[in-house]
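As structure tokens, the structure follows; a few thoughts come after it.
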Amino acid sequence: MNNELQTISNIVSRNGKRGVRTIVDLEDSLEIPGAPEQTATSRVVAREKLKSLFYMHKQHTMLGVRINHISGKDFELDIKCLQQLRIQLDNLVLPKVNSAAELQHYYDAVKNISCDELIVLLETVEGLQQLDEIMALAKSLGISKIHFGHWDYFLSNDRYPIPAQDCTTFWEVVAPLMHTLAAAGFTYIHPPVNRLTDFQFLSAVINHIRLSGITNFGISTLTNGQSKHALINTHIADPLVLVSAEPANKLSHALTLIETFQSSRYSFCITDDQVFVAPHEYWAAKKYIAQCSNK
């Protein structure tokens with residue numbers, strides 16, 4: 001058996017015993033900046049691995065899939081792949097839902113796929129502008145969970161640098177969103193923390209949400225360590241210290257980020273101090289430099 005698949009299968013089993021959902025991402029995690037052909041190939045390979053993974057878990061398990069956006073051909077390929085599976089999915093994550101019409105399109109496309117629940121992923125300015133309409137349709141379709149994707153959101157907002165979770169600009173967007181979703185009866189799902197081994201910071205973020213008055217929420221994680229810590233997290237944690245300062249030299253910051261990211265062979269980068277750098281941050285840096293050049 002393929003060692004990589006066995007490792008993933010073990011993670012899925014271990015997470016399931018803890019009550020943690022494992023989500024296989026066919027979208028952003030396979031997006032290799034500046035390499036569309038390599039990205040397409042990586043998604044083909046990922047779909048085949050996904051089939052094998054579900055074959056290994058013939059019984060229902062807490063395993064879900066994040067599919068590609070409805071606007072691309074990868075979406076159709078994802079749907080065909082999922083229709084071939086003979087197992088009940090725990091969930092399907094619907095990315096970049098920009099309107100009620102897009103949510104309806106998703107629903108119509110996936111309604112014949114055996115799945116426990118759908119999760120709406122809000123991650124663009126347009127999506128938040130259409131939040132009321134999206135929530136109304138989601139509720140009528142029986143969808144109860146809405147996930148916020150901050151990397152795509154701030155990229156769509158032309159924000160550089162993309163704010164981390166200790167930045168005031170991050171919470172200026174997240175705080176009202178959390179309360180709007182809670183008031184409408186939805187479960188809010190918080191985006192992952194990029195400090196992979198800083199569990200004190202993770203605890204501070206979780207408790208910051210609790211102290212905001214949000215009781216019905218979840219959080220996405222990037223590692224097993226984060227998942228375990230989130231589960232055992234107590235209400236005792238240092239307060240989340242928010243900062244408002246931006247880099248003194250944003251252009252230099254962008255150039256350094258690009259250099260760091262390009263040193264990675266993957267669709268993401270992990271720095272020496274265990275900070276996850278998403279491809280969105282690379283794209284945001286490239287966009288910022290282009291804007292500076294056009295001035």
Side-chain angles (χ1 to χ4, degrees), residues 23 25-29 31 64-76 78-79 82 89 91-113 115-163 165 167-192 209 212-220 278-281 283-284 287:
I23 297 177
D25 184 6
L26 296 177
E27 195 205 18
D28 283 351
S29 69
E31 182 79 27
V65 179
R66 172 176 169 171
I67 55 178
N68 281 276
H69 187 258
I70 55 174
S71 62
K73 65 178 182 180
D74 278 305
F75 172 73
E76 297 178 2
D78 290 347
I79 297 301
L82 295 175
L89 293 174
N91 64 78
L92 276 177
V93 180
L94 313 178
K96 300 179 182 66
V97 175
N98 295 316
S99 65
E102 283 196 357
L103 177 55
Q104 186 66 58
H105 188 159
Y106 273 123
Y107 185 81
D108 292 341
V110 306
K111 62 184 178 182
N112 293 325
I113 295 173
C115 175
D116 286 351
E117 66 175 349
L118 303 177
I119 299 174
V120 168
L121 184 50
L122 288 178
E123 45 186 347
T124 64
V125 172
E126 184 180 358
L128 262 67
Q129 290 173 340
Q130 300 294 318
L131 180 58
D132 289 344
E133 292 82 359
I134 291 171
M135 287 194 302
L137 179 59
K139 187 162 290 189
S140 71
L141 297 176
I143 297 172
S144 62
K145 294 182 174 67
I146 296 184
H147 193 310
F148 179 58
H150 74 296
W151 280 304
D152 268 300
Y153 173 81
F154 287 109
L155 178 63
S156 75
N157 200 22
D158 289 333
R159 182 84 193 186
Y160 189 80
I162 292 177
Q165 297 197 31
C167 293
T168 55
T169 47
F170 175 89
W171 293 98
E172 285 169 359
V173 174
V174 171
L177 174 62
M178 291 192 305
H179 286 94
T180 298
L181 293 175
F186 287 94
T187 298
Y188 165 70
I189 303 180
H190 192 72
I209 298 172
S212 298
I214 306 300
T215 56
N216 188 21
F217 70 95
I219 185 169
S220 287
H280 312 73
E281 297 179 73
W283 292 323
K287 186 184 293 188

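The residues of the chain are indexed from 1 along the displayed sequence.
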Problem set entry | Main-chain N/O of Gly127 paired to Gln130 side chain as donor or acceptor, under 3.5 Å | no
For this session: Over all heavy atoms of both residues, which pair between Ser71 and His69 is shortest? Give the atoms and the distance, please.
Result: OG-ND1, 2.8 Å
Exercise. Do the side chains of Asn157 and Thr124 get nearer than 4.5 Å, heavy atoms only?
Worked result: no
Problem set entry | Gap separating the CZ atom of Phe154 from the CZ atom of Phe170, nearest 0.5 angstrom | 6.5 Å
Exercise. Can any side-chain N or O of Asn68 pair as donor or acceptor with the backbone N or O of Leu26 at less than 3.5 Å?
Worked result: yes
Seminar exercise, completed: The side chain to side chain contact (heavy atoms under 4.5 Å, CB included) partners of Glu31 (sequence neighbours excluded) come to Thr39, Arg43, Trp283
Problem set entry | Phe75/Tyr106 under ring-ring contact (aromatic ring centres under 6.0 Å, His included): CA gap, chis, key distance, verdict | CA-CA 10 Å; Phe75 172 73; Tyr106 273 123; 5.7 Å; yes
Problem set entry | Inter-residue atom distance Leu89.CG - Leu118.CG, 0.5 Å rounding | 10.0 Å
Problem set entry | Approximate separation, where rounding is to 0.5 Å, of Asp78 CG and Glu27 CD | 9.0 Å
Exercise. To the nearest 0.5 Å, what is the distance between CZ (Phe148) and OG (Ser220)?
Worked result: 12.5 Å
Exercise. Parallel under 30°, tilted from 30 to 60°, perpendicular over 60°: which one fits the rings of Trp151 and His280?
Worked result: parallel
For this session: Compare all side-chain heavy atoms of Arg66 with those of Asp28 and state whether any distance is below 4.5 angstrom.
Result: yes
Exercise. Going through the checks in order, is the side-chain contact (heavy atoms from CB on, under 4.5 Å) test met by Ile23 and Val93?
Worked result: CA-CA 8 Å; Ile23 297 177; Val93 180; 3.8 Å; yes
For this session: For the residue pair His190 and Trp171, categorise the inter-ring angle as parallel (less than 30°), tilted (30 to 60°) or perpendicular (more than 60°).
Result: parallel
Exercise. What are the two closest non-hydrogen atoms of His150 and Pro192, and how far apart are they?
Worked result: CE1-O, 4.0 Å
Exercise. Atom NE2 of His179 and atom OH of Tyr188: how far apart are they, to the nearest 0.5 Å?
Worked result: 11.0 Å
For this session: Give the C-alpha distance, both sets of side-chain angles, the deciding distance and a yes or no for side-chain contact (heavy atoms from CB on, under 4.5 Å) between Val173 and Arg159.
Result: CA-CA 12 Å; Val173 174; Arg159 182 84 193 186; over 6 Å; no
Seminar exercise, completed: Looking only at heavy atoms, the pair that brings Leu121 and Glu123 closest together is CD2-OE2, 3.3 Å
Problem set entry | Nearest heavy-atom neighbours spanning Met135 and Thr180 | CE-CG2, 3.8 Å
Exercise. Got Leu141 and Leu103 here, is their nearest side-chain heavy-atom distance under 4.5 Å?
Worked result: yes
For this session: Show your reasoning for whether side-chain contact (heavy atoms from CB on, under 4.5 Å) applies to Ile79 and Ile113.
Result: CA-CA 8 Å; Ile79 297 301; Ile113 295 173; 4.1 Å; yes
Exercise. So, does Ser144 use its side chain to make a donor-acceptor pair with the main chain of Phe186 at under 3.5 Å?
Worked result: no
Exercise. Can you name the nearest heavy-atom pair linking Leu177 to Leu122, along with the distance?
Worked result: CD1-CD1, 4.4 Å
Seminar exercise, completed: Value for CG (Asn91) from NE2 (His147), rounded to nearest 0.5 Å, stands at 10.0 Å
Exercise. Is any side-chain heavy atom of Glu126 closer than 4.5 Å to a side-chain heavy atom of Ser156?
Worked result: no
Problem set entry | Verdict with supporting geometry, Asp74 and Ile67, side-chain contact (heavy atoms from CB on, under 4.5 Å) | CA-CA 8 Å; Asp74 278 305; Ile67 55 178; over 6 Å; no
Seminar exercise, completed: Correct closest heavy-atom pair for Ala100 and Ile134 would be N-CG1, 3.8 Å
